[in-house]
Protein chains: 2
Amino acid sequence: MEDMKDWRRTHYSEEISPEMEGSEVVVAGWIHETRDLGGVAFVVLRDRAGKIQVTIPKKKVDEELAEKIISQVRETVVMVRGTVQKDERAPGNFELIPNDLKILSKSKTPLPMDVSGKVDAELDTRLNSRYMDLRKPEIGAVFKIRSKTLTEVRNYLENQGFLEITTPKMVATATEGGTDLFPISYFEKEAFLNQSPQLFKQMMMASGLDKVYEIGPIFRAEEHDTRRHLNESISIDVEQAFSDHNDVMQLLEDMIQHITEKVKKDCGKELQTLNHDLEIPETPFERVKYEEAIELAGEKGVDVVWGDDLPTPGEKAVGEEIGTYYYITEWPSEIKPFYALPEPENKEITRAFDLMHPRFELSSGAQRVHQIDLLEKRMTTQGLAPENFEFYIDSFKYGMPPHAGWGVGAERLLMALTGKENIREVTLFPRDRNRLTP
Amino acid sequence: MEDMKDWRRTHYSEEISPEMEGSEVVVAGWIHETRDLGGVAFVVLRDRAGKIQVTIPKKKVDEELAEKIISQVRETVVMVRGTVQKDERAPGNFELIPNDLKILSKSKTPLPMDVSGKVDAELDTRLNSRYMDLRKPEIGAVFKIRSKTLTEVRNYLENQGFLEITTPKMVATATEGGTDLFPISYFEKEAFLNQSPQLFKQMMMASGLDKVYEIGPIFRAEEHDTRRHLNESISIDVEQAFSDHNDVMQLLEDMIQHITEKVKKDCGKELQTLNHDLEIPETPFERVKYEEAIELAGEKGVDVVWGDDLPTPGEKAVGEEIGTYYYITEWPSEIKPFYALPEPENKEITRAFDLMHPRFELSSGAQRVHQIDLLEKRMTTQGLAPENFEFYIDSFKYGMPPHAGWGVGAERLLMALTGKENIREVTLFPRDRNRLTP
């Protein structure tokens with residue numbers, strides 16, 4: 001193998017055009033395939049942006065160089081210094097005639113999986129060799145869209161005046177007192193991985209920072225193993241003071257619209273690779289009251305008793321009816337967490353909402369309880385001991401403004417934007433009941 | 001307490017100017033102080049952006065309203081609807097004459113700590129009531145600079161073509177086989193919190209994504225309790241293919257310069273509040289070879305044997321000499337991790353570097369070993385069993401380009417940008433040997 005020395009890539013494949021005919025460039029990537037037709041050979045080089053055809057007319061190219069490039073096995077990493085030449089038959093309408101070559105890393109054979117796109121591998125095989133799986137354009141495209149999406153979420157929120165915060169992932173108390181926690185040993189103490197930044201972002205409402213967001217990992221030790229759940233995932237969390245549920249619902253739907261527009265505009269190539277047609281949703285999203293949602297589900301044969309959660313088949317029934325993003329509002333107080341504010345005029349229901357995608361739940365949010373007495377009462381009613389939450393409750397004592405917020409599952413959002421049906425498809429290294437590596 | 005109903009803040013304090021005389025605005029915040037002079041009373045309201053003087057000339061303001069506003073205890077949360085009036089004696093050269101008021105959340109007394117800036121509290125007291133501590137402008141300023149810094153890091157990297165990735169925090173294997181790990185129970189299995197995204201970001205170099213970054217939490221169960229260490233912190237990680245150590249050192253120094261410029265430009269008010277004069281560093285940063293650094297330390301009375309790490313007093317001695325950011329390069333192979341590439345012509349030293357701030361280490365990086373044989377050899381030499389790292393080593397088999405990268409401690413970077421001496425000052429909810437709450 002050779003040393004790169006002072007060679008550096010001058011262009012990605014997509015940055016070269018036929019108009020550059022005669023220029024010398026350096027390209028770098030993986031040998032995708034080689035075809036030796038005798039008088040001429042073609043080596044297709046693959047980089048992050050696409051493919052480049054290196055054409056070796058044997059009479060014109062140095063014999064040793066030609067042999068060196070043609071003899072490499074697939075997936076070997078090379079740098080090629082070559083001259084751009086127009087050719088309408090080649091991808092991008094140009095080819096490179098090689099002048100020099102460096103072999104940087106030879107591939108072993110056989111490959112653990114096919115990356116030419118000719119053979120489909122099982123998801124498990126793909127996840128075991130994620131580095132290899134990502135070499136396929138339709139897999140790389142998902143993670144380019146992911147990066148763009150997170151950037152646009154931040155851009156949107158920062159333009160709205162939100163400050164980014166980071167809250168701790170190792171905590172002493174469960175956010176909602178649940179049992180679905182991963183225990184850690186923290187020196188002599190018992191601790192847990194945080195399920196949600198909920199309590200911390202609410203505490204920030206008492207700080208005067210006013211509008212905060214966090215994009216970070218959350219951990220849930222749920223036993224179930226579905227296509228829509230992970231045990232470690234990324235949550236986009238927002239909390240806003242001097243606001244009610246309607247304010248943050250508007251913020252959320254505007255954000256969804258914004259990022260969809262941006263992804264559609266800036267990731268056109270990736271969406272095409274995925275063969276996914278992204279529709280920009282109209283706002284405001286439809287508001288369906290919980291009562292209406294269970295009625296609608298009932299009409300479709302899914303019976304739900306008032307006060308029960310809407311089961312997956314019920315979500316699907318309503319989702320099919322609506323066909324795009326929608327909110328479910330006015331949830332019963334007893335099934336929403338203690339921090340969801342009951343409607344002052346009708347305490348049976350709360351100012352909590354879920355944002356639904358036709359295929360799954362995307363976000364939960366609410367105006368929060370900001371009155372300390374009510375907070376302690378709701379905690380107690382739900383079987384939680386306020387004394388375990390002293391650090392949180394204290395922040396309600398010395399001036400806590402009304403506030404509201406939501407959390408969006410980043411992977412769910414990516415599923416909506418890419419059309420993927422399995423949450424593992426939009427996660428580089430998923431963690432589930434059975435998978436802890438790579 | 002009253003309901004906000006359809007009242008919403010129309011302006012932050014800094015958005016109001018004397019030119020708006022006669023306009024009606026709604027402001028929202030905390031009562032900072034109240035002075036009743038008899039014929040006139042002043043109530044200073046504090047919001048995220050600063051302070052507003054509400055002036056109550058008793059002859060002109062409705063008596064009940066005047067009484068209601070004046071009688072509130074400090075730190076009570078209110079919204080005031082009022083008319084802007086020029087007044088050169090007031091902060092911002094305007095005052096508000098109140099027309100209406102909502103009391104949203106009354107504060108209890110006494111406060112757990114002073115927020116008027118008149119009494120200094122101990123760090124522990126402050127961290128116990130972080131929501132309260134943040135009400136002080138000099139504390140809020142740190143976290144505004146933090147948010148800006150992370151935004152500019154991302155802007156810089158994305159403009160350079162980096163894609164954001166997320167790697168798992170729950171892992172089966174220690175990154176560097178160290179003992180400083182927090183164990184988790186992951187269903188039936190033993191797992192750990194990840195010390196660093198090192199192995200994952202390197203695997204991405206075999207994926208063709210080419211340039212990746214991650215800003216996320218890392219966890220180290222180190223026993224020591226210093227002003228420069230936390231057990232949970234945020235790492236800014238970068239990895240770049242087809243690059244060597246010099247390429248990523250240039251990237252890093254340019255990034256530091258970029259964010260310093262942006263923070264200086266856009267956080268002028270916050271820097272002033274902190275009374276911190278931020279100098280924009282010149283690039284390139286000085287490169288000091290390890291050999292030179294220990295010699296320099298020796299001249300200052302700190303003896304270091306070749307092959308030993310530079311101890312804190314040694315770092316300080318060199319830092320004082322240089323006075324600004326600098327790199328230490330050409331570290332001995334035996335004290336740098338297995339993934340640091342030994343110099344091909346002199347295997348005693350590596351292509352590893354540390355970026356130093358005069359007061360502490362800010363970043364470690366290197367060109368990495370990309371040759372599988374050398375990688376396994378270095379692992380074995382350092383007492384690690386390659387078979388425990390199969391998922392990682394596999395990614396070197398089928399074409400792994402040369403690559404290099406670094407990790408910057410976000411908190412250390414913030415210490416450099418804000419002039420803070422204790423890492424807890426730049427962390428909302430620090431985690432250390434003794435602190436697991438809030």
Side-chain angles (χ1 to χ4, degrees), chain A residues 1 4 9 28 30 48 75-77 104-105 107-108 111 131-132 134-135 140 144 147 150-151 158 163-170 172 182-187 189 191 200 203 206-210 217 232 234 242 344 370-371 391 395 397-402 428-429 431 433 436-438, chain B residues 1 3-4 9 28 30 48 75-77 104-105 107-108 111 131-132 134-135 140 144 147 150-151 158 163-170 172 182-187 189 191 200 203 206-210 217 232 234 242 370-371 391 395 397-402 428-429 431 433 436-438:
Chain A
M1 288 198 282
M4 201 173 47
R9 170 194 282 133
W30 286 255
R48 178 166 98 175
E75 299 305 319
T76 287
V77 175
L104 299 178
S105 177
S107 176
K108 292 194 195 303
L111 300 174
Y131 63 92
M132 202 79 193
L134 282 157
R135 296 184 190 178
K144 289 175 196 166
S147 179
L150 294 181
T151 299
E158 290 176 12
L163 287 173
E164 180 177 0
I165 60 166
T166 300
T167 66
K169 305 310 156 203
M170 298 189 293
F182 288 110
I184 326 169
S185 54
Y186 191 84
F187 304 113
K189 297 178 192 132
F200 294 97
M203 288 162 75
S207 76
L209 291 186
D210 234 67
E232 175 175 344
I234 297 292
F242 301 104
H370 69 281
Q371 307 90 336
F391 71 96
S395 72
K397 286 181 182 165
Y398 309 101
M400 172 61 99
L428 272 183
F429 298 102
R431 291 290 178 258
R433 191 78 181 73
L436 184 58
T437 50
Chain B
M1 289 199 281
D3 200 280
M4 201 173 48
R9 169 194 282 132
W30 285 256
R48 176 165 99 175
E75 298 306 318
T76 287
V77 176
L104 299 178
S105 176
S107 176
K108 294 195 195 302
L111 300 175
Y131 63 93
M132 202 79 190
L134 283 158
R135 295 183 190 179
K144 288 175 196 166
S147 179
L150 294 181
T151 299
E158 291 177 12
L163 287 173
E164 180 178 0
I165 60 166
T166 300
T167 66
K169 305 310 157 204
M170 298 190 292
F182 288 111
I184 326 167
S185 60
Y186 191 82
F187 304 112
K189 297 179 191 127
F200 293 98
M203 289 162 73
S207 76
L209 290 185
D210 234 68
E232 176 175 344
I234 296 292
F242 301 104
H370 69 282
Q371 306 90 335
F391 70 95
S395 72
K397 287 182 182 164
Y398 310 100
M400 172 61 99
L428 273 182
F429 299 101
R431 291 291 178 259
R433 191 78 182 75
L436 184 58
T437 50

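Computation of the quantities below employed the complete heavy-atom set of this structure, encompassing side-chain atoms and omitting hydrogens, waters and symmetry-equivalent molecules.
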Scored by heavy-atom pairs under 4.5 Å with chain B, the best of Gly140(A), Ala191(A), Ala28(A) is Ala28(A)
Sequence neighbours excluded, the answer for side chain to side chain donor-acceptor pair (under 3.5 Å) partners of Lys169(A) is Thr167(A), Glu214(A)
I want to check something: taking the side chain as every heavy atom from C-beta on, are Phe187(A) and Leu436(B) in contact at a cut-off of under 4.5 Å?
no
Turns out that what part of Ile234(B) lies under 4.5 Å from chain A's heavy atoms comes down to side chain
Honestly, the part of Arg431(B) sitting under 4.5 Å from a heavy atom of chain A is both
So, the part of Met170(B) with a heavy atom under 4.5 Å from chain A: the answer is both
Between Arg135(B) and Tyr398(A) the two heavy atoms that sit nearest each other are NH1-O, 2.8 Å
Cut-off 4.5 Å, heavy atoms of chain A, and the answer for Met4(B) is side chain
CG of Leu104(B) to CD of Gln371(A), rounded to nearest 0.5 Å, is 10.0 Å
inquiry  = Looking only at the aromatic ring of each residue, does the gap between the centers of Tyr131(A) and Phe200(B) stay below 6.0 angstrom?
reply    = no
Between the OG1 atom in Thr437(B) and the NZ atom in Lys189(A), the distance rounded to the nearest 0.5 Å is 7.5 Å
dist Lys397(B):NZ -> Ser105(A):OG (nearest 0.5 Å) comes out at 13.0 Å
Residues at least two apart in sequence or cross-chain that pass side chain to side chain donor-acceptor pair (under 3.5 Å) with Thr166(B), listed by chain then number, are Arg146(A)
If one checks every heavy atom of Pro217(B) against chain A at 4.5 Å, the contacting part turns out to be side chain
Greatest number of non-hydrogen atom pairs under 4.5 angstrom with chain B, of Met400(A), Met1(A), Glu75(A), falls to Met400(A)
Looking only at Leu150(A), Leu428(A), Ile184(A), Asp210(A), the option with the highest number of non-hydrogen pairs under 4.5 Å against chain B is Asp210(A)
Taking every heavy atom of Pro438(A) against every heavy atom of Pro168(B), the minimum-distance pair comes out as O-CG, 4.5 Å
Turns out that what part of Met203(B) lies under 4.5 Å from chain A's heavy atoms comes down to both
Practice task
Hey, can you tell me if Phe242(A) and Trp30(B) have their rings parallel, tilted or perpendicular (30° and 60° cut-offs)?
Solution key: perpendicular
Heaviest contributor of heavy-atom pairs below 4.5 Å to chain B, chosen from Phe429(A), Phe391(A), Tyr186(A), is Tyr186(A)
Note: Lys144(A) and Leu163(B) closest approach over all heavy atoms is CG-CD1, 3.9 Å
